[in-house]
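Numbered from 1 within each chain, the chains take letters A, B, ... in sequence-line order.
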Amino acid sequence: MRIATWNVNSIRTRVGRVVDFLVREDVDVLAMQEVKCKPEQFPAEAFDEAGYELAIHGLNQWNGVAIASRSPILDVETEFPGMPGFLKSHDGPDLPKEARAIGATVDGVRVWSLYVPNGRSLDDPHYAYKLDWLAALTEYTRTETSSRPEVPFALMGDFNIAPLDEDNGDPAVVPGASTHVSPPEREAFFALENAGVTDVVRPLVPAGYTYWDYKQLKFPRNEGMRIDFVLGSAAFAEQVTDAVIHRNERKGDAPSDHVPVLVELALSEDDDDLPMIFG
DNA sequence: ATGTCATCATGCTGATGA
């Protein structure tokens, strides 16, 4: 199985690029973030024609997550247990939470496409929301990986955190003053890694960024950040045979500001592609 | 240079979010 994550920054703007990538790289499952549309606005036909089905969670022009898959998408959830809402986005507990998570089972793998809140600034309510959101995700991950350790489980997406100093190549992102690199955010990320999942890409791709701001020639200067990750349970991680950060997807016409991160698993998909030996 | 990009609405320009 070849499975990837990509913050596409508007699927309506990027659909050609995204489907081209899926076909060219023989991707079986794609977790998308920032699709920036409602399900009825999602360009589903292009995915259908390329042989992918979709699960989409989008409420408005902000955020929005989706999963595309060649195999059937089962048991879809649009939030994880305990996931908080952002106070400014609703006036009460009955109103919908932001569309930042979608989980589904594909070929026996439990996959989450996650768009972690940005935080905006260290003194913004969005920053506290980000930490609360990560704490709830950590508790869910601990419960899930301990109660069903045999199920391969993966958190894939834009975590909006550069966990290590080497993950931040942007001089405008200053430790002590900026989000994405503050100690509480990094501690939240490490707590998640201690709750039953590990970064399956870093051992295979030790260096490299996944995001470059559109402004100030950040990509030509290579002043990027590594903030998109695939965190897998033991049952997932032990199947990983390869990983690639597709840096070239930041080039050319109308790129997203993030690039896809692809992981290959030894896990067999289903028998559809195999010869019919037994008739 | 607060230098780009995407979206929506008080809509063809500004506000919001990243």
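- Atom CD1 of A/I227 is separated from atom P of B/dA18 by 12 Å (rounded to the nearest Å).
- Straight-line distance from the OH atom of A/Y211 to the P atom of B/dA18: 11 Å, rounded to whole Å.
- The stretch residues 4-22 of chain A participates, sequence neighbours left out, in these salt bridge (charged side-chain N to carboxylate O under 4.0 Å, His left out) pairs: A/R17-A/E249.
- Spacing between atom OH of A/Y129 and atom C1' of B/dG17 amounts to 13 Å, rounded to whole angstrom units.
- Between B/dT10 and B/dA15, the two P atoms lie 14 Å apart (nearest whole Å).
- Following rounding to the nearest Å, A/D170 (CG) and B/dT4 (C1') show an atom-to-atom distance of 13 Å.
- Regarding A/D228, its CG atom lies at a distance of 15 Å from the P atom of B/dA18, rounded to whole Å.
- Every residue two or more places apart in sequence or in another chain that forms a side chain to side chain contact (heavy atoms under 4.5 Å, CB included) with A/K215 is listed here: A/D213.
- A/R226 CZ to A/H180 NE2: the interatomic distance, rounded to the nearest 0.5 Å, is 15.5 Å.
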Can you give each donor-acceptor pair under 3.5 Å made by side-chain atoms of residues 56-68 of chain A, sequence neighbours left out, with the distance rounded to 0.1 Å?
from  : atom 1 : to     : atom 2 : distance (Å)
A/N60 : OD1    : A/W62  : N      : 2.8
A/N63 : OD1    : A/R100 : NH2    : 3.2

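- With P as the reference atom, B/dA1 and B/dT13 are 26 Å apart, rounded to whole Å.
- As a whole-Å value, the separation of A/N7 CG from B/dG17 P is 17 Å.
- Listed by first and then second residue, the side chain to side chain donor-acceptor pair (under 3.5 Å) pairs that reach into residues 187-198 of chain A come to none, sequence neighbours excluded.
- Counting any heavy atom pair closer than 4.0 Å across all strands shown, A/R250 reaches no nucleic acid atom.
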Output one letter per nucleotide in nucleotides 5-12 of chain B: B when a protein non-hydrogen atom lies under 4.0 Å from the base, S when only the sugar-phosphate is that close, - when neither is. SSSS----
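- Summarising the local packing, CD of A/E150 is surrounded by more than 12 heavy atoms from other residues, nucleotides or ligands at distances under 6.0 Å.
- Between B/dC8 and B/dG3, the distance separating the two P atoms is 22 Å to the nearest Å.
- Between the NZ atom of A/K215 and the C1' atom of B/dA1 there is a distance of 11 Å, given to the nearest Å.
- Taking a pair as Watson-Crick or G-U wobble with both distances under 3.5 Å, DNA chain B forms stems of 3 or more consecutive pairs at B:4-9 with B:13-18.
- Put simply, the side chain of A/T210 does not reach to within 4.5 Å of the side chain of A/F229, judged on heavy atoms.
- We find that CG of A/D158 is positioned 11 Å from P of B/dA18, with the value rounded to whole Å.
- Among residues two or more places apart in sequence or in another chain, the ring pair (Phe, Tyr, Trp, His ring centres under 6.0 Å) test is passed with A/Y127 by none.
- Positionally, the nearest nucleotide of DNA chain B for A/D213 lies more toward the 5' end than for the other of A/D213 and A/E34.
- Annotation: B/dA6 and B/dG11 have their P atoms spaced 23 Å apart (nearest Å).
- A/Y115 comes within 4.0 angstrom of the backbone, heavy atoms only, and of no base.
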May I have the list of side-chain donor-acceptor pairs in residues 76-87 of chain A shorter than 3.5 Å, sequence neighbours left out?
from  : atom 1 : to     : atom 2 : distance (Å)
A/E77 : OE1    : A/R110 : NH2    : 2.7
A/E79 : OE2    : A/K97  : NZ     : 3.0

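- Each salt bridge (charged side-chain N to carboxylate O under 4.0 Å, His left out) pair with one or both residues in residues 234-247 of chain A, not counting sequence neighbours, would appear here, but there are none.
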